[in-house]
Amino acid sequence: MNNFQYYTPTKVVFGKDTEKETGALIKEQRCSKVLVHYGTGSVKKSGLLDRVYEALDKEGVTYVSLGGAVPNPRLSLVYEGIELCRKEGVDFILAVGGGSAIDSAKAIALGTKYEGDVWDLYLKKDSAADALPLGVILTIAATGSEMSDSTVITNEEGWLKRGLHSSLVRPGFAVMNPELTYTLPEYQTMSGCTDILMHTMERYFSHEMDTDLVDGMAESLLKSVMRAARVLLKEPKNYDARAEVLWAGSLSHNGLTGCGRTGDWACHQLEHELGGMFDVAHGAGLAAVWGSWARYVYKEDVARFAKFAVNVMGVAYDYGDPEKTVLMGIEAMEEFFRTIHMPVSIHELGVELTDEQIGELAYKCTYMGQRMIGGIKKLGKDDIARIYEMAR
Ligand code: NZQ
Ligand code: ZN
């Protein structure tokens, strides 16, 4: 097991009606002027936003609001939020919504305290020294941003989608009421479930073999999410299944299943370029590339892929032909994605890639020739282009 640091400062407030506690939670953080930041309308339509305002009023917490965070949240809105926070003297940011509202809130929290251009932090030209504190009311089980140290923003200039990691943006609290996720359309529910699976798999597919405890946790998490996703296909208002994926979403991306190992993360990098260029749903984009990535890299670690096939996908181990076991595991995972109506190719994602676009995506994915991606196999521009070709 590798050395590791594990830090999860987020207070989780989980269960029915927990959004009513928001005002008290903010007061606990010793803050009094809040920016309420949300998406493109679902929280208004469901009445959640009004309930949140009520909870703030009840505790005498004052606030200003800014909606409009779209999926693949944009830098221009972040700039708007920073300006608003400075003008209004905001000392706390409350994100109400999904990963996009949360990531946008994190960027605003960083940018308000940063003198330069916040985008420079995403380009790694500088690192953040301070941020406004933030809290979250989560409405979709997906990214794990409610406990993670990362934020992903898309710059409309050049359509670059870039992530940033900093302990400063781990939310102080996360309110998670499974009932708030009942209104999600099926596609978003399943895209979210896929993202949760992928956050666990990105960590699981790693060369370290002496990580028995976290392997077991990861395998159990993957099986629970697959089971719950199948239930949610038929019963979107099944409380227990909603609760299962909501909690799994946080545990899949708060670092727990990555303790002691390096992880892979190539599929996320492949998806981020697709998301930046074609504005696809993040989880669906991951499903579209995963099988091609797996087939391209599995020979680097047949034992790890076979463990996944047997322990997660229930494939019988073929002692005479371990690679056959691996390929059956990959096929079983793709079959699961089909079952939950997720794409297993970029074409099924609704994007017809040209050769030129593949070249551009691959180049951007290497940060214009500055890096390789992946852990199981280090991938350069040609490898990345090949995976996009296989996935197209
Ligand atoms: O904008 P609204 O109206 O709220 O609608 C959203 C949006 O259209 C809707 N929605 C959310 N909750 C709902 C609901 N509709 C009805 N009822 C509800 N309860 O669902 C759509 C998707 O929402 P979004 O916030 O975009 O989804 P998600 O949570 O999947 O976030 C995706 C973004 O997070 C990034 C992704 O790349 C993408 O930009 N990620 C962030 C990570 C992090 N910070 O740790 C890690 C991830 O790997 C990921 O990269
Ligand atoms: Zn993700």
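All figures in this text were calculated on a predicted structure; none of them were measured in a lab. Atoms within a ligand are numbered from 1 in the order they appear, just like the ligands themselves.
- Inter-residue side-chain proximity for I108 and L35 is flagged as met; some heavy-atom pair is nearer than 4.5 Å.
- Between K27 and E59 there is a salt bridge, since a side-chain N of the basic residue sits under 4.0 Å from a carboxylate O of the acidic one.
- One option in V169, L184, D103, N254 has a heavy atom closer to atom 13 (C) of ligand 1 than any other, and that option is L184.
- Close contacts between ligand 1 and L180 involve ligand atoms 19 (N) [criterion: under 4.0 Å to a heavy atom].
- In this structure, atom 49 (C) of ligand 1 lies nearest to the protein heavy atom H282 NE2, 3.3 Å.
- Nearest to atom 29 (O) of ligand 1 among the protein's heavy atoms is G99 N, 2.7 Å.
- A side-chain N or O of D103 and one of S145 form a donor-acceptor pair less than 3.5 Å apart.
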### Task
Give the intermediate values and the outcome of side chain to side chain donor-acceptor pair (under 3.5 Å) for residues Y204 and D264.
CA-CA 8 Å; Y204 185 87; D264 186 85; over 6 Å; no

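- Using bins of under 30°, 30° to 60° and over 60° for the plane-to-plane angle, the ring pair W265/H253 lands in the tilted bin.
- There is a protein heavy atom closer than 4.0 angstrom to atom 16 (C) of ligand 1.
- No hydrogens or angles considered: a donor-acceptor pair under 3.5 Å links the side chains of Y296 and D383.
- Between the side chains of Y122 and N155, not a single donor N or O lies within less than 3.5 Å of an accepting N or O.
- Panel note: side chain E348, backbone V344; a donor-acceptor pair is recorded below 3.5 Å.
- Residue G41 has at least one N or O atom closer than 3.5 Å to an N or O atom of ligand 1.
- Look at H253 and the Zn ion (ligand 2): no N/O/S atom of the residue is under 2.8 Å from the metal.
- Ligand 1 places these atoms under 4.0 Å from at least one heavy atom of P73: 39 (O).
- Among P71, G39, S42, the residue whose heavy atom lies nearest to atom 8 (O) of ligand 1 is P71.
- Nearest N/O/S atom of D195 relative to the Zn ion (ligand 2): this is OD1.
- Using a 4.0 Å cut-off to heavy atoms of S150, the atoms of ligand 1 that qualify are 43 (C), 44 (N), 45 (O).
- The distance from the Zn ion (ligand 2) to the nearest N/O/S atom of E202 is not under 2.8 Å.
- The protein heavy-atom contact nearest to atom 50 (O) of ligand 1 is H272 NE2, 3.0 Å.
- Taking every heavy atom of S148 and a limit of under 4.0 angstrom, the matching atoms of ligand 1 come to 43 (C), 44 (N), 45 (O).
- In summary, the atoms of ligand 1 found under 4.0 Å from a heavy atom of T183, numbered by their order in the structure, are 16 (C), 17 (N), 18 (C), 19 (N).
- Short contacts between ligand 1 and H253, defined as distances under 4.0 Å to a heavy atom of the residue, involve ligand atoms 45 (O), 46 (C).
- In this comparison of L138, D149, L164, T143, the heavy atom closest to atom 40 (N) of ligand 1 sits on T143.
- The protein atom (non-hydrogen) at minimum distance from atom 11 (C) of ligand 1 is T139 OG1, 3.7 Å.
- For atom 21 (C) of ligand 1, the closest heavy atom belonging to the protein is Q188 CD, 3.5 Å.
- In S100, the parts holding a heavy atom less than 4.0 Å from any atom of ligand 1 are both the side chain and the backbone.
- In summary, the aromatic rings of W159 and H272 are positioned with their centroids too far apart to meet the 6.0 Å limit.
- The protein does not reach atom 23 (O) of ligand 1 closely, with no heavy atom under 4.0 angstrom from it.
- Each of V118, L121, D117 was scored for a side-chain contact (heavy atoms from CB on, under 4.5 Å) with D126, with one residue passing: L121.
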Which donor-acceptor pairs under 3.5 Å do side chains of residues 175-184 form with protein atoms, sequence neighbours excluded?
| from | atom 1 | to | atom 2 | distance (Å) |
| --- | --- | --- | --- | --- |
| N177 | OD1 | E179 | N | 2.9 |
| N177 | ND2 | E19 | OE1 | 3.1 |
| T181 | OG1 | P178 | O | 2.6 |

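- Near A142, meaning under 4.0 Å from any of its heavy atoms, are these atoms of ligand 1: 29 (O), 30 (O).
- The existence of a salt bridge linking E335 and R338 is confirmed by a sub-4.0 Å separation between a basic side-chain nitrogen and an acidic carboxylate oxygen.
- For the atom pair CZ (F205) and CH2 (W290), the distance works out to 5.0 Å, reported to the nearest 0.5 Å.
- In this view, Y319 and Y317 satisfy the ring-ring contact (aromatic ring centres under 6.0 Å, His included) rule, not counting sequence neighbours.
- Near K161, meaning under 4.0 Å from one of its heavy atoms, ligand 1 places the atoms 36 (C), 37 (O), 38 (C), 39 (O).
- In this structure, S191 does not count as a contact residue of ligand 1, since none of its heavy atoms falls inside 4.0 Å of the ligand.
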